[in-house]
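One is the number of the first residue; the rest follow in order along the sequence. Predicted model only: the values in this text are computed from it and were never measured.
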Amino acid sequence: MRFRLTLSALLICFLFATATSQSVIGASLSTRFERLGPFGGDVRSLLTDSSEPSAVYLGTSNGEIYKSADSGKSWRMLMPGIEQPSYVVDTLVQHPRNSRHIYAGAWDSYSEGGGLFESRDAGATWARIKLPSELTDVRGIALCRDNPSYMLVATTGGVFLSKDGGGEWNGVGEGLLTKAHSVAIDPVDPNILYVGTWRLGYVSRDMGKSWTIVENKGMPLDSDIFSMTIQPGNPSVVFAGACSGVYRSDDGVRTWTRLRVLPDKFTIRTHVVYLDPANSKKVYAGTTEGLYVSENEGRSWALLTSKSITVNAVQVDPLNSRRILLGTEYHGVQRSEDGGKTWQPSNDGFTHKQIPWIQFDQDEKGRFIAGLHSGGGGWYGRKTAGGDWTLEQIEPGMRVLSFLFLPNGSGRLAGTPQGIYHKKNASAPWKKLTGAIARRTVYSLATDQGGKIVYAGTDQGIYRAPIDTLEFRIPPGNRLVPMAWRIIAPEGTPETVLAATNLGILRSQDRGVTWKVTSAHGLPERVMINAMVVSPADKDRFFLGTSAGLFESESGGVYWKQSGGRDMKTGIADILFLGGDENRILAANQTTGGLFLSEDGGAEWKKIFNPEFASPVFCLTQDPDNPSIVYIGTRYEGVYRLTLE
C-alpha cells in the first residue's frame, strides 16, 4: 500500500517565496507572513488541461490542490480548495467536454473516509459530490469519453456507477469489488467496465450487472492494481500498473501478460501506467524505482530517471510530447523538455516539507537551519537575507530529531533514532558517539547554563555528559528511565534542569544527576508534552504545549490548569515568550493549525488571523537579532517567516 500523510488546507491565494501579506490582530499589532520554502515534496497526482496544456493541476497528501499556468514551471495553491487537510488527493480527472470541469478523488489519512469533489470553474471553488457509502475513500475515477455523465468511482467500500454526472449512484459488484483502487470505461463500448482491486482485476461487459474476476490468467493472485489504462485507438488493449509489475492485455482483460520492465526480473511496484496522448504506442511506467518508457507498447523498456525516485504521476503535454512532468514522492515535480533525457526540479511556489525544528547557526551569523522530517532526512540551511536552500545530511535517509550547537567552539550534535552524532567543526565529518546512547532515540538535546554539561532526552531515560568528553551516561542510581521529549535549563538557575516526559515534568536540582517527578495535578493522563517554557520573570510559572492543548502552572509545575480558548485545546506544538517579555506569548497548534498570541501574560489569547496562513505548526524560533521576527516550521508547508509589527 502507498503511505499516508496529512496536512491542513489554507484559505485563499498562495504566497510565493518573495510574497508577503498583512493581517491585523486586535488594534495594536499587524503581522506579515512570508513563505520561504524549501520547495518540492510529495506529489500524489497531476492533470494537464487537454485544451490548454499550459494549465496543470497537482494534488498533495494534505488536501491541497495546486495549479500551474506555465506548464509546470511555477505553482500556486488553489484556495480554499477542498478544505480537507487530512485527505490525500490521489486522483485528478478532467471532464472530456468541459476543460474547466475538474474532479478530485481523495482518501482520509486517519480513517476510511474521503470523498469525491468537483470544480466547475477550473479549480477556483470545489464542492463535494455525495456518494452512497460511508466508506468514501475515493481511489479512482473514470468518465465515459462520449457520454461524460456516465461515471465510475472506486473506493475501498465498493464501486459506484452514476449515469447522471454524480446526481445518483448505484453500487455495482456488491460483495466482490471491495478494496477497489482503479477503474476504467471502454471508450468505444461503455458497457465494458474494468476495476482493479487490492486483489486482482474484474471486468463487466453488461454495464456492471455481472462481473468476472481475471484470476490465474497471467497475473499473480496477490497483485494490487493501482492503475488501469485503455489504449484509445484499440480498446481491447489494456495496461495495468500493479504492486507486482506492469501488465498488458490484448483481449479486453480476459488474460494478462506480465511485461519485463527490468532486465533481470518482472516484479516492480508500479503506481501508474500512462500512454503518450499523441502516440499511444509509447507507454510510460511510473514505479518505485523510477520512470520507464517503452516505444513499442511494452515489449522493451528504458529507464529515464534515477532509480531512487518514486513516481506517482506522469503527464505528457499533448501538444509537445518532449515535455514530461512527473509527480514524485519527496522530490516534488520533475520536468523534462527533451523527452526524458534530462530532468529539472520544477517546484517554484510548491512546497510540501515537514519542518520539526529550526535553529540559528551559531557558526555563521544570519543563517538558520531547518530540520527535515520527511523524505531523505537531514536539514536545510538558508540565510535570513535570502538565497538558495542547501541540504545537509549525516547520511541519506537518517532523520535528525534534535540538534545542538555546542558552546566554546566545541562543534555540534545531532540526535537521531540511532543515537547521537558529533561534528567537531565545519570541515570535520560526522561521527557517531559510542556507548549506550548509540542505541537510543534522541528526542532532545540541551546544555546547562554553565556550558559544561550536555543533556540528552531519549526513549529510555535522560543521559548527561561533560562537554569536554561527550561520554553520555545515565547517572548511577537514577531509577527513572522515562521517554523524555523536551529538556530545558532555565536561565538564572544554573543547577536546575527540567524535562518533559511520559511521567510528567521531571526536575533536577543538581545538573541532571538525580531527578524527581513534579506533581502533575491537573494534567490529563498519558498526555504527550510537545513544548515547555518557563516565564522569564517568574521561575515558578510554566506553560506546556501538549497533545491535549495548552496548560499553565504558577506553582513550579505542581498544579496545572488549561489555558487558551477552544482552538487551543488540541495539540499545541510550541510556545515562545516573545523577546523575553513575560506578557507577550506566542503558541502554535499542530493539529488544527494556526498561531495564537497573548499580550497579557496568557489571560487572553487571540488567533493571528491571516487568510493565507492556517497551517499546522511544528515549531517556533525567534530571530536572535530581531525578536519581532519568528520562523515557523510547518507540517508540510516548509518554513514561514512571521514579522510582528
Calculate, to the nearest 0.5 Å, the distance between atoms CZ and CG belonging to F551 and L523 respectively. 6.0 Å
Going by the rule side chain to side chain contact (heavy atoms under 4.5 Å, CB included), which residues pair with N425 if we only count those two or more places apart in sequence or in a different chain? S427, A428
Between S109 and V88, is the side-chain contact (heavy atoms from CB on, under 4.5 Å) condition met? List the steps. CA-CA 7 Å; S109 299; V88 178; 3.6 Å; yes
With the side chain counted from C-beta on, respond yes when T458 and Y443 share a heavy-atom pair under 4.5 Å apart, and no when they do not. no
Derivation and outcome, salt bridge (Lys or Arg N to Asp or Glu O under 4.0 Å), residues K606 and E604: CA-CA 7 Å; K606 294 180 180 179; E604 293 185 5; 5.6 Å; no
R139 and D137 ion-paired at < 4.0 Å: yes
Value rounded to 0.5 Å, distance of NZ in K516 from CG in L480: 11.0 Å
Set of ring-ring contact (aromatic ring centres under 6.0 Å, His included) partners for W605, sequence neighbours left out: none
Sub-4.5 Å side-chain heavy-atom contact between F596 and I608: no
In L578, I575, L595, the residue satisfying side chain to side chain contact (heavy atoms under 4.5 Å, CB included) with L620 is L595
Taking side chain to side chain contact (heavy atoms under 4.5 Å, CB included) as the test, write out the residues that go with T570, two or more places apart. N589, T591, T592
Quick one: are I358 and F618 in side-chain contact, heavy atoms under 4.5 Å? no
R473 with E471: basic N within carboxylate O range, under 4.0 Å: yes
Non-hydrogen atoms of D42 and N312 that approach each other most closely: OD1-ND2, 3.8 Å
Which residues share a salt bridge (charged side-chain N to carboxylate O under 4.0 Å, His left out) with E395, sequence neighbours left out: none
List the atom of V400, the atom of G378, and the distance in Å for their closest heavy-atom pair. CG2-CA, 4.3 Å
For the residue pair A456 and I420, what are the closest heavy atoms and their distance? CB-CD1, 3.9 Å
So do H331 and I309 actually touch side chain to side chain, heavy atoms under 4.5 Å? yes
Give the C-alpha distance, both sets of side-chain angles, the deciding distance and a yes or no for side-chain contact (heavy atoms from CB on, under 4.5 Å) between R269 and T287. CA-CA 6 Å; R269 190 176 181 87; T287 79; 5.9 Å; no
Sequence neighbours left out, what passes ring-ring contact (aromatic ring centres under 6.0 Å, His included) with W379? Give chain and number order. F403, W430
Lys NZ or Arg CZ of R507 over W515 ring: under 6.0 Å, within 45°: no
Approximate separation, where rounding is to 0.5 Å, of R526 CZ and L503 CG: 12.0 Å
Under the side chain to side chain donor-acceptor pair (under 3.5 Å) test, which residues partner R399, sequence neighbours left out? H373
Which heavy atom in Y110 sits nearest to a heavy atom in S86, and how many Å separate them? CD1-CB, 3.9 Å
Here the gap from M77 atom CE to T351 atom OG1, rounded to the nearest 0.5 Å, amounts to 9.0 Å
Crowding at NZ, K431 (>12 non-hydrogen neighbours, <6.0 Å): no
Check R541 with E552, please: is the shortest side-chain N to carboxylate O separation under 4.0 Å? yes
Test item: L413 and L406 side chains (from C-beta on) under 4.5 Å apart, heavy atoms: yes
Give me the atom names and distance for the closest heavy-atom approach of P356 to C619. O-CB, 3.5 Å
Atom pairs and distances, donor-acceptor, side-chain atoms in residues 361-368, under 3.5 Å, two or more places apart:
| unit_1 | atom_1 | unit_2 | atom_2 | d |
| --- | --- | --- | --- | --- |
| D361 | OD1 | D363 | N | 2.7 |
| D361 | OD1 | E364 | N | 3.3 |
| D361 | OD2 | R367 | NH1 | 2.8 |
| Q362 | NE2 | F360 | O | 3.0 |
| D363 | OD2 | R412 | NH2 | 2.3 |
| E364 | OE2 | K383 | NZ | 2.4 |
| K365 | NZ | D625 | OD1 | 3.0 |
| K365 | NZ | D625 | OD2 | 3.1 |
| R367 | NH2 | E392 | OE2 | 2.8 |

Stepwise, does the side-chain contact (heavy atoms from CB on, under 4.5 Å) test hold for K353 with L372? CA-CA 7 Å; K353 304 282 190 182; L372 183 64; 3.9 Å; yes
Determine the interplanar angle of the Y559 and H521 rings, folded into 0 to 90°, and report it as parallel if under 30°, tilted if 30 to 60°, perpendicular if over 60°. perpendicular
Heavy-atom check, side chain of I505 versus side chain of M532, under 4.5 Å: yes
Answer yes if the side chains of W107 and D90 hold a donor-acceptor pair under 3.5 Å, and no otherwise. yes
Kindly list each side-chain donor-acceptor pair under 3.5 angstrom involving residues 460-467, sequence neighbours excluded, with atom names and distances?
| unit_1 | atom_1 | unit_2 | atom_2 | d |
| --- | --- | --- | --- | --- |
| R464 | NE | R511 | O | 2.9 |
| R464 | NH2 | R511 | O | 3.1 |

Quick one: does Q622's side chain have a donor or acceptor within less than 3.5 Å of a partner on G579's backbone? yes
Sorted by chain and residue number, the side chain to side chain donor-acceptor pair (under 3.5 Å) partners of S306 (sequence neighbours excluded) come out as S308
Residues two or more places apart in sequence or in another chain: which of them pass side chain to side chain contact (heavy atoms under 4.5 Å, CB included) with T60? L58, N62, E64, Y66, F350, H352
Across all chains, not counting sequence neighbours, the ring-ring contact (aromatic ring centres under 6.0 Å, His included) partners of F472 are none
d(S61 OG, Y87 OH) to nearest 0.5 Å is 14.5 Å
How far apart are the C-alpha atoms of N626 and S628, what are their side-chain angles, what is the distance that settles it, and do they pass the side-chain hydrogen bond (donor to acceptor under 3.5 Å, both in side chains) test? CA-CA 5 Å; N626 189 344; S628 66; 2.6 Å; yes
Are the side chains of R584 and L644 in contact, using a 4.5 Å heavy-atom criterion? yes
For D600, the side chain to side chain donor-acceptor pair (under 3.5 Å) test, sequence neighbours excluded, returns S598
Does the side chain of I529 come within less than 4.5 Å of R486's, by heavy atoms? no
Whether the T496 and Q509 side chains hold a donor-acceptor pair (N or O, under 3.5 Å, no angle test) is what I'd like checked. yes
For T501 against P482, the heavy-atom pair lying closest together: CB-CB, 3.7 Å
Using the side-chain contact (heavy atoms from CB on, under 4.5 Å) rule, take I369 and W357 through it: C-alpha gap first, then chi angles, then the decisive distance, then the call. CA-CA 8 Å; I369 59 175; W357 55 265; 3.7 Å; yes
What's the spacing between D510 CG and E495 CD if we round to 0.5 Å? 7.5 Å
